[in-house]
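Lettering follows sequence order; numbering is per chain, from 1. All heavy atoms count here, side chains included; hydrogens, waters and symmetry mates do not.
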Amino acid sequence: MTAAGAEGQPAPQVGQAWNGHVTHLDTTTGQEHGHDDCPKCGSTEVSHKPGTMSLVCGFCRFEWFGKRLEDTLGLGEGIHELSGRTVASGASQIESEQNLVTMKCQGCGAEVTVDTGHATQSRCHWCRSILSLNDKLPNGAVPDGILPFALSRADAVARIEKFVGDRKLLAHPEFKADFSAEHVKPVFLPYMVVDGNLHTRLHGVGEVQTRRYTVKHGDSHTTYYDANEYQVVRQFDLHADDLIVESSASKADFKTDISTNNIINAILPFDVKNMVAFDSNYMGDIQAEKRDLDIDDVARTTHERFLTMARERIRADLTGYDRGVRFTHEEMWVRGTRWATVYLPVWLYSYPQRSSDGSLTVHYVAVNGRNGTTMGSVPISKKRLLAASAGWAVATAAVAWPIALISLFS
Amino acid sequence: MSSVFHATALGSSGLDAAVLASSGGGDDFAFIALFAFVAPFVAFWLAYTMLFKRYRNQDKRYQYEHTTHSTIDELQRWDTFTRERRRLRNRFMDGSNLDDPDQRAGYVDIKEMDGLPPEASGDSAADAPDGGSDDSRPPSGV
């Protein structure tokens, strides 16, 4: 028993960060925070052109596209060669809790503060020009990429109204009275996009049916099955491309008895292949939630998702085991991963519900800001739910109990 | 009648036994009567569960295992016959988790490998800077 490992180093502690080889993927811009001008006329009145991937100058109407990260950084390529962690600049470890960033306006020299916990732009209160965060920050507020909204507000409102409208009958009366889809807000939520170069080995027991036969016992019959049992092992490489993982602690908790975060999770995936290099002008006035989880915080969840993907992918190879396979051992070697951060667009309607015991549950109806996938949690009235269920029971009894009586007296 | 009350007291396994042991048309009617009597309670439970699920959607989640693009390479298979099993009562084997990929097996081991710096490729010692026991090479077989 020694306190040092084979190479003379102390044993790793529980919770100690992973200490392997990291390759850095530079997505910094080298730009100073402040003006982010139109490349044609120099105006700072730049905004996202709704429904497109373009930015447009509000002064000269010049339009241009952001750079696709897939093209500029080669994300999605060379997954089978990944070794250790490859980390884009926006996914670097969070080293500061400081949210307020002061920028010097290049127009008038004034100092303007932006709260990076929610925004990446601020308007100079003296000369009215727009000041932007133009490079990465150590607090996790500026991601590598962004997917702008493709779905209009009117479309999102219509989808939320339909979703809730289909569920109004048993909805909580207070929710019905307060509901207005016009309160939907656009928000950018932080995620990590992860590629994985993985090796998996699965052990289990499988059974193949060899015979099916029926045996008569008096007036009844019993079906029996014979089967061959096998020890099953599958070993393979898996290359995963663009797994999306939550990187905000408040949205990564999926305990459905106390939160409805699974609703936001359920509108994934997004077309992250199309994400462009982060540019504050894609956000404009839209609020964002800052990333507050590091790679070490989400690595375990990510690896388990890779393992689930491996299990799903191998199913097709085991269809011959027609009585099923019981996996007993799962092993995965994570050879290499590539991490990038991204802001994804979500239309969000939220409704806080205080229950009788004082606990608060925030119900979400969320719409994917790219493809319109809609999911929600509608507060339900317990009394109406019990009444509706009782209605079904009574209707069933009206049919079934006469049959029961007839059968008993036959 | 007696078999009906016996089955109710025993629960579903007792019910199976009672049904298997049944030997007359009268008992068949008793079984139908029992089924019809229980049906409204089952309908209540089903309606409650389905309606709650439809409103709260607590079972919904990101189906990453279906939607995330992935490829498989170097697939190796071992299928070793162990024994023949006879007179099994169930159509499917006990504990099959083939169709539940997010249900973890009893033993799970995920190792994140340290990775090789490009200039040190081929030097396996460089792969274990923390003195850990992980083998950086893939397993060589079973």
Over all atoms of both residues, closest heavy-atom pair of A/Thr308 and B/Arg104: OG1-NH1, 3.0 Å

Ionic contact status for A/Arg85 with B/Glu112, cut-off 4.0 Å: yes

Could you list the donor-acceptor pairs under 3.5 angstrom formed by side chains in residues 386-400 of chain A, with sequence neighbours left out?
unit_1: A/Ser389; atom_1: OG; unit_2: A/Leu385; atom_2: O; d: 2.8
unit_1: A/Ser389; atom_1: OG; unit_2: B/Tyr48; atom_2: N; d: 3.3
unit_1: A/Thr396; atom_1: OG1; unit_2: A/Trp392; atom_2: O; d: 2.7

Plane angle bin for B/Phe81 and A/Tyr230 - parallel if under 30°, tilted between 30 and 60°, otherwise perpendicular: perpendicular

Distance-minimising heavy-atom pair for A/Arg167 and B/Arg54: NE-O, 2.8 Å

Heavy-atom contact with chain B under 4.5 Å, split by part of A/Asp242: backbone

Portion of A/Phe163 that has a non-hydrogen atom of chain B nearer than 4.5 angstrom: side chain

Toward chain B, the part of A/Asp166 with a non-hydrogen atom under 4.5 Å: both

Heavy-atom pair with the smallest gap, counting every atom of B/Ile72 and A/Arg313: CD1-CB, 3.6 Å

Considering all heavy atoms, the nearest A/Arg323-B/Arg91 contact: NH1-O, 2.9 Å

Charged N-O contact under 4.0 Å between A/Arg315 and B/Asp99: yes

Closest non-hydrogen atom pair between B/Trp78 and A/Gln235, with its separation: CZ3-CB, 3.8 Å

Region of A/Glu304 in contact with chain B, defined by heavy-atom distances below 4.5 Å: both

